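Worth saying up front: this structure is predicted, and the values here are computed from it rather than measured. Here is the naming used below: chain letters follow the sequence lines, and residue numbers restart at 1 for every chain.
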Amino acid sequence: MITGGLDLGAGVVKGVLLEDGRRILATTSAPSRGVPVQVARHVLEELGETANIAPSDVDYLCTTGFGRYTIPERNLQVSDFTSSARGAVFLFPKTRLVVDVGTQASRTMSVSPTGKVLKFKMNEKCAAGAGRFVERCSKYLQVPLEEMGPKALASEHPKLISSVCAVLAETEIINNVAEGVALPDILMGVFLSLSQRAFSLMRYVGIQPEVTLVGGLVRNVGMVKALHDTVGMDVNVAPDAYYAAALGAAILGHSRALKLAQAPQGIGG
Amino acid sequence: MPELLQIRPQAESLPEDETFLSVDISPDFREFTQAESVEKLVRLAQEILADPTFPTARAWRKAGGKAVGCFPVYTPQELVHSFGMLPVAMQGGGENLEISRADAALGSFLCSISKSTLEMALTGLLDPFDAFVFPYICDVSRNLDGIFARVLPKKPSHMLHLPQNFASPATIPFLVAEYRSLIEKLERVAGRPFSQEDLRASIAVFNEQRALVERLAALKRETPWKVTLVEYYLLLRLGGLLPREVHVPLLRRALAELEGRERKSKDAIRVIVIGPFCEQPTLELLQLLEDVGCYVVGEEFQMLHRWCPRIEPGTNPLESLATSYVRTPVDIGVRSTPTTKAAAVLERVDASRAQGVVFLTAKFCEPALEDVVLYRRALEGRGLPYLHMEFEEKSTTYEQARLQLETFVESILFD
């Protein structure tokens, strides 16, 4: 059985094709560019091409993310928390705490061994705790996003940001630049600032190993180091954790499709 | 005295039909008494809530009556009613009221209802009222009374002190004394003396209303698919806005329709909602609760009708009224009962067979937030899932709320 998971996030659309709920057939992503539905269709096509299957071969499609209701051909939609938790436990079965720093929001959730969300918390109405803040810093500091992490690793004296508001934090960064603070120290300060906000969410749901980072910033080595230093324990990171929400959606889709297949009326009945 | 104010039940219990409404009431209320369906009532209720000028109080005044604005959560409405005046629940300005003046007078860290209530006072929206009652349920409500005395000096405003020691033998005499202090002001506003007989008759009206409200709550608890949360809430909300003699038959008819409804139950989880006992969540938020798959089988909406199942007036109705407040089984955030909170929340969960609890607390509502800590500990001890969300009167986006509610429901639904 082939199930698809689509994560229609605020900044990026990610997709996963899964076989029998266990084997990842294909993963891909694309910036949502303000037209997430269009991009999602393109992502689905690309997944099919990579896995060499036709769209009709996808038995069940489950969506997640901000745009989870926008795809009419979906079979089911689930929240980002639910999907990210399943994805994280699939990748790291001993995961008990999941951290997801997305474009618009940061989320943490404690999870059961099966990936069920036990307790969760997200930041509210605040860009300072989300990936958008990193994007804005990238723009202002004129450091491409993908270079921010490696450059931050050279930091010797990270310059912490005290402001809890993204706009004021930017002002603080401008002051740091004017005062001649080294670029790596400013960059690491940005990641530590994000980590500390995530840390307060993590404390709410309860910190226990293993901790797994998922979502957009999983590829950022600066963020991974900052989170590790802030939490004081190892943080699981894997390339596929970037797709954790889409992966979790595909897993939940598989489990739901199985249940429906066992029901007398079958899938869609 | 206008005929409207002479509505009085002659018996302890109101008759099953509407014959006791023999006087010609205002045409504005006739629309409610003649509403042919719950759907129509819901529409009328929505119109009333969208209008911050208190149309029911205005209609009552137009007919020659006097109206008293009652801030949540508890006012002895029977007392106000016994003077022939209309007690009207003042539960904030809702999502349509723009706050401009009150923001300048109150701190940004205060609840929305305090600001919208003051805004309404400053902009003339409370003109239909002849007096106000502010029960001392929190520091904000206490200070609103003082502010009202300054900004509306011609309209009496009364702060009703409520006891917090429910075990002392002095508690009931204390509350009776507080009632007497309120009565002095009500006598001046109404222009007539207090009468035990009138109070006894008023208690009978409110007993009838309470019985019907409890019947509606039981319907929602046992067969939540028969009445939507918005319908349920609006039917309760009307009870604090309309003359009770209008609300009682209206609710009786609505119940007959709802109890007879044939609807299929959904694959939803049973939850109780704790927290919105004072400031009111938006209808959109209530709708969202059901949209994501929650059946709300217990809640704290419109507590003004629900302090006790019934009051026996006895020989001293004033003392009976005080006893009903002191001995109420209701345990919400504005009553200081820290040692029994944990047991109370678990009892409520058991009684409603709830699978989880949603704490829906108004932003900056200290009484509600303080209790959440006690409740959470009790629920965690039992392994019961809960979700805590905050709301404000003016909410425009529900994406975060939806996300949290969906996750909560999914965490219970999926293995």
Side-chain angles (χ1 to χ4, degrees), chain A residues 7-10 62-70 76-86 89 98 100 102 104-126 129-130 201 204-206 245 248-249 251-256 258-260 263, chain B residues 108-109 112 264 266-269 284-285 287-289 291-294 355-364 369 372-373 375-392 394-415:
Chain A
D7 174 11
L8 291 97
C62 181
T63 57
T64 187
F66 277 86
R68 61 194 177 282
Y69 284 97
T70 58
L76 176 74
Q77 72 288 323
V78 292
S79 85
D80 314 33
F81 287 97
T82 307
S83 57
S84 296
R86 296 283 163 161
V89 170
V98 182
D100 176 5
Q104 293 279 42
S106 290
R107 309 172 191 92
T108 60
M109 61 223 92
S110 58
V111 296
S112 75
T114 60
K116 179 173 169 163
V117 176
L118 300 176
K119 211 169 171 188
F120 62 96
K121 184 82 175 165
M122 71 190 293
N123 68 329
E124 287 179 39
K125 300 177 185 174
C126 174
L201 300 176
Y204 178 86
V205 300
I251 294 166
L252 286 162
H254 176 259
S255 104
R256 189 70 191 146
L258 274 185
K259 271 192 182 171
L260 290 170
Chain B
S108 57
F109 46 82
S112 317
K264 204 178 156 194
K266 288 193 297 186
D267 184 12
I269 61 164
E284 288 86 347
L285 188 52
Q287 176 77 49
L288 186 60
L289 272 163
D291 284 350
V292 301
C294 291
Q355 295 163 275
V357 173
V358 176
F359 295 112
L360 195 58
T361 60
K363 237 179 174 59
F364 305 116
L369 291 169
V372 167
V373 179
Y375 291 145
R376 271 172 46 181
R377 204 174 296 152
L379 296 171
E380 281 168 4
R382 182 81 89 76
L384 284 162
Y386 62 84
L387 170 68
H388 184 192
M389 294 169 59
E390 291 189 323
F391 68 91
E392 290 178 279
K394 283 181 81 69
S395 300
T396 49
T397 170
Y398 295 94
E399 182 51 34
Q400 283 215 350
R402 175 181 283 277
L403 185 65
Q404 293 180 64
L405 283 166
E406 279 182 353
T407 305
F408 181 64
V409 171
E410 287 161 4
S411 74
I412 294 174
L413 280 182
F414 288 114
D415 297 329

*Of all the heavy-atom pairs spanning B:Gln404 and A:Met122, show the shortest one and how long it is.*
CG-SD, 4.1 Å
*Kindly give the heavy-atom pair with the smallest separation between A:Lys116 and B:Ile412, and that separation in Å.*
NZ-O, 4.3 Å
*side-chain hydrogen bond (donor to acceptor under 3.5 Å, both in side chains) with B:Ser411: which residues, sequence neighbours excluded?*
none
*asked:* Less than 4.5 Å to any heavy atom of chain B: does that hold for the side chain of A:Thr114, its backbone, both, or neither?
replied: side chain
*Interchain contact, A:Leu118 with chain B, by part (heavy-atom threshold 4.5 Å)*: neither
_Side-chain donor-acceptor contact under 3.5 Å, A:Ser79 with B:Glu406_ = no
_Pi-cation contact, A:Tyr69 with B:Arg402 (under 6.0 Å, within 45°)_ = yes
Hey, does [Y] have a side-chain heavy atom less than 4.5 Å from the side chain of [X]?
X	Y	value
B:Leu387	A:Phe120	yes
B:Phe414	A:Val78	yes
A:Arg107	B:Leu403	yes

_Out of A:Met109, A:Arg86, A:Gln77, return the one with the most heavy atom pairs under 4.5 angstrom to chain B._
A:Arg86
*Using a strict 4.0 Å threshold on nitrogen-to-oxygen distance, state whether B:Glu410 and A:Arg256 make a salt bridge.*
no
